[in-house]
Number of protein chains: 2
Amino acid sequence: MLSEQPITSADKTFFRLRKDIVEGQIASGSKLSETELSTKYQVSRAVVREAINRLETCNLVERKANIGARVVALSPQGLVQLYQVRESLEGMAARLAANNMTDEEVSGLNDLLSSHFQEVKQGQSYYQEAGDVDFHYRIIMGSKNQHLISMLLNGIYHLVRMYRVQLGMAGPRVTTAFDEHRHIVQAISHRDEELAEMLMRRHILYSKNNIAAKLEGK
Amino acid sequence: MLSEQPITSADKTFFRLRKDIVEGQIASGSKLSETELSTKYQVSRAVVREAINRLETCNLVERKANIGARVVALSPQGLVQLYQVRESLEGMAARLAANNMTDEEVSGLNDLLSSHFQEVKQGQSYYQEAGDVDFHYRIIMGSKNQHLISMLLNGIYHLVRMYRVQLGMAGPRVTTAFDEHRHIVQAISHRDEELAEMLMRRHILYSKNNIAAKLEGK
DNA sequence: CGAGTCTATATTGTCGACACTTTTCGAAAT
DNA sequence: ATTTCGAAAAGTGTCGACAATATAGACTCG
């Protein structure tokens, strides 16, 4: 679906590393040793370096010259800042999507919603994460703004996932989130830009509060 | 001021390439040959590759596996999309800056404005570009949001400069832009978030219209 | 005993060579 | 003359080795 097909060895290494970081197999804040990773993954250091460069573009690691790369540290204030920009950008995406999505894309979004409804009704809440990502993904793509798409998908989305996964956000908030999704799609169907933006911003704000509450409770 | 001090050879190559691209010495749309650049700049291909990777992060070049990198092509619709996100992000930056800048930073901003006024009064409009960049830079930094700062400074600012430079935006619109700057600073001084955001968005919208007009006339 | 310095070690930065892919160009067949 | 195939050329991807820098530890001096 996201059509991220690995071609080169650096691609594969990048995807493996990204997965390990997002899912916490490589601890946040830990150092990424080029030599260590090259022996672990059986590739040259040049490949690992390329992969780390791309991880830096994703904001998943931070590199310093002559010192090395570290996985980003997760923090409450980092979460707040991340969701501040996410709210603004995805709100904008919803507004643009209300304008720029084709009728076919809108009806496809409605179909997606229906299938989610079936799954939720049958209690398959474990599908929620992938479905949620897909929902947001389609609206982001629907904005048809290349810079916005790049910033969200390359720049912050994997970091958002990292927060969600590592704070154990698997499954809750299914039903209310579903209703929020439904209203957003309605607004887009009616080509109501302002409402679509407002509902999306609110949706993401709720999501942030939900995560922040978990983060407090820890 | 921007404290971009080159450390490694890759840094220097990156800065040189970025300058050449932004200022048009390397034509937009042209191919970047690794071997060619490595002989031209007297560095190894690994260094050039690293530099090109960073240029890709800046959205100044596009890379494809096994094919190579090309300088981005400038287009009217690209400009529109770029300024759409810029308006949203810098509007947000102004809003956050109204909240998060210290009193010292605000007074520093006022000082900057005064010195611009002196220069404008003396007809030194050629300083406008650097001054404009500095003005926006301070407000972006004043947001204190690391993701927002990174997206604007690493993600789109050099591309904005590329459009401006290559379309010959050196100097016009000085006096009106100065007034717009002044009003934005007033709003920030009064800690009026909403007004600051609105004025900044409008300021950038005007700027876009100005550039688009030049682009039409060509 | 602590602070500072110097050496040894480990890690990152850079390089040139080789492997693989893409493109180019010419020859052959229709 | 046009199309197709294949070999040569050019370019990117990957590798291991060396150079430069940072870190850790021992040693000296106060």
| message | Among residues at least two apart in sequence or on other chains, which ones pass side-chain hydrogen bond (donor to acceptor under 3.5 Å, both in side chains) with A:R16? | response | none

| said: Whole angstroms only, please: what is the CG-P distance between B:L32 and D:dT12? | reply: 9 Å

| Quick one: side-chain hydrogen bond (donor to acceptor under 3.5 Å, both in side chains) partners of B:N66, sequence neighbours excluded? | none

| said: Classify A:I52 by what it touches in the nucleic acid, base, sugar-phosphate, or nothing, heavy-atom distance under 4.0 Å. | reply: nothing

| What residues form a side-chain hydrogen bond (donor to acceptor under 3.5 Å, both in side chains) with B:T8, not counting sequence neighbours? | B:D11

| query | Can you name the ring pair (Phe, Tyr, Trp, His ring centres under 6.0 Å) partners of B:Y83, sequence neighbours left out? | reply | none

| query | Rounded to whole angstrom units, what separation is found between the CD atom of A:E36 and the P atom of C:dT9? | reply | 20 Å

| field | Under the ring pair (Phe, Tyr, Trp, His ring centres under 6.0 Å) test, residues paired with A:F135 that sit two or more places apart | value | A:H181

Between protein and nucleic acid, restricted to nucleotides 13-17 of chain C and to nitrogen or oxygen atoms under 3.5 Å apart, what atom pairs and distances do you find?
residue	atom	partner	partner atom	Å
C:dG13	OP1	A:N66	N	3.1
C:dG13	OP2	A:R49	NH1	2.3
C:dG13	OP2	A:R49	NH2	3.1
C:dG13	OP2	A:R63	NH2	3.2
C:dG13	N7	A:R45	NH2	2.8
C:dG13	O6	A:R45	NH1	2.9
C:dT14	OP1	B:S9	N	2.4
C:dT14	OP1	B:A10	N	3.4
C:dC15	OP2	B:S44	N	2.8
C:dC15	OP2	B:S44	OG	2.9

